[in-house]
Amino acid sequence: MIIYGSRACEQEELGAHKKLIQDGYVRRIYLDEFAQKDEESLLLGLVRLIVEPVDSAIPKAQQLAQLAQKSAPDESVSYIMELIETILVYKFPSIGWQEIREMFGISELKQTRVYQEGEEKGRETATRSIILRLLNRRFDDLSESLLTKINQLPVEALEQLAEDLLDFADLNDLYNWLKRYLSVQDEPQQS
């Protein structure tokens, strides 16, 4: 598939790709020929933003940001916002990141609960992934029950585990750490 902003952007000389296109193996898509709908999909809107004229890019980006907050999974909102911001930075090369954020209103969007929850979920997912990779590299084959326990840890415990695992001599140290952590969590809270 080849995606063009319009037919005017299409290459005249197709070279080695000409036969693939003629035989139907490659399909050309022209974004400006898609029906303009108020309720277009978020993904199509993101792709269209790349070829959106400069004078309408900021309002279009703001619409996409609002659509993302309404329809995208919470953990995806921060990634979508970063993608929109990146597209705008390339679209306005003479303007810095901070000015883009101000024009786009990203600072206000980052204050929203949905954005912050998505950011937190992304941080937790990344932390969990890194910890599991480090543990697998250090101790090779971790059991399913051990992985389940680690996956149930809150992000604060994962961050502590990241520091402590540097001192682990063997797999028993990991089991002991989990036992200590879980027993501390199970103790009744004193008021």
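All values below were derived from every heavy atom in this structure, side-chain atoms included, with hydrogens, water molecules and symmetry-related copies excluded. The chain is numbered in sequence order, starting from 1.
Without hydrogens or angle criteria, S71 side chain to L67 main chain gives a donor-acceptor distance under 3.5 Å.
Minimum interatomic distance between A162 and L165 (heavy atoms only, all atoms of both residues): O-CG, 3.7 Å. Minimum interatomic distance between I84 and A61 (heavy atoms only, all atoms of both residues): CG2-CB, 3.6 Å.
In this structure D164 satisfies the side-chain hydrogen bond (donor to acceptor under 3.5 Å, both in side chains) test together with Q160, W177, sequence neighbours excluded. Here R133 pairs with nothing under the salt bridge (charged side-chain N to carboxylate O under 4.0 Å, His left out) rule; sequence neighbours left out. With sequence neighbours left out, the side chain to side chain contact (heavy atoms under 4.5 Å, CB included) criterion links I87 to L49, I50, L83. Looking at residues two or more places apart in sequence or on another chain, you find a side chain to side chain contact (heavy atoms under 4.5 Å, CB included) between D170 and N172, D173. Take R138 and apply the side-chain hydrogen bond (donor to acceptor under 3.5 Å, both in side chains) test, not counting sequence neighbours, and it matches no residue. Considering only residues two or more places apart in sequence or on other chains, L132 meets the side chain to side chain contact (heavy atoms under 4.5 Å, CB included) condition with R128, L147, I150, N151. A search for salt bridge (charged side-chain N to carboxylate O under 4.0 Å, His left out) contacts involving D55 returns nothing, not counting sequence neighbours. In this structure, T148 has no side-chain hydrogen bond (donor to acceptor under 3.5 Å, both in side chains) partners at least two apart in sequence or on a different chain. Every residue two or more places apart in sequence or in another chain that forms a side chain to side chain contact (heavy atoms under 4.5 Å, CB included) with Y90 is listed here: T86. With sequence neighbours excluded, no residue forms a side-chain hydrogen bond (donor to acceptor under 3.5 Å, both in side chains) with S94.
A distance of 9.5 Å separates OG of S56 from CD of Q63, quoted to the nearest 0.5 Å. Separation of atoms CD (E52) and CD1 (I58) is listed at 10.5 Å; rounding is to 0.5 Å. Distance CD1/I130 to CG/L158: 10.5 Å, rounded to 0.5 Å. Here the straight-line distance linking atom CG of N136 with atom CG of D140 works out to 8.0 Å at 0.5 Å rounding. Between atom OG of residue S145 and atom CG of residue L178 there is a gap of 10.0 Å, rounded to the nearest 0.5 Å.
Counting non-hydrogen atoms of neighbouring residues, nucleotides and ligands closer than 6.0 angstrom, the NZ atom of K91 exceeds 12 such neighbours. For CD of Q22, the number of neighbouring non-hydrogen atoms (other residues, nucleotides, ligands) closer than 6.0 Å is greater than 12.
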Decide side chain to side chain contact (heavy atoms under 4.5 Å, CB included) for I80 and L64; before the verdict, give the C-alpha distance in whole Å, the side-chain angles of both, and the deciding distance to 0.1 Å.
CA-CA 9 Å; I80 292 168; L64 290 170; over 6 Å; no
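Taking the side chain as every heavy atom from C-beta outward, L146 and F139 never approach each other to under 4.5 Å.
Side-chain heavy atoms closer than 4.5 Å link hydrophobic residues (I, L, V, M, F, W, Y) into clusters, and following such links, even through other members, never connects L182 to V155. Y181 and I131 end up in the same hydrophobic cluster when Ile, Leu, Val, Met, Phe, Trp and Tyr side chains are linked at under 4.5 Å.
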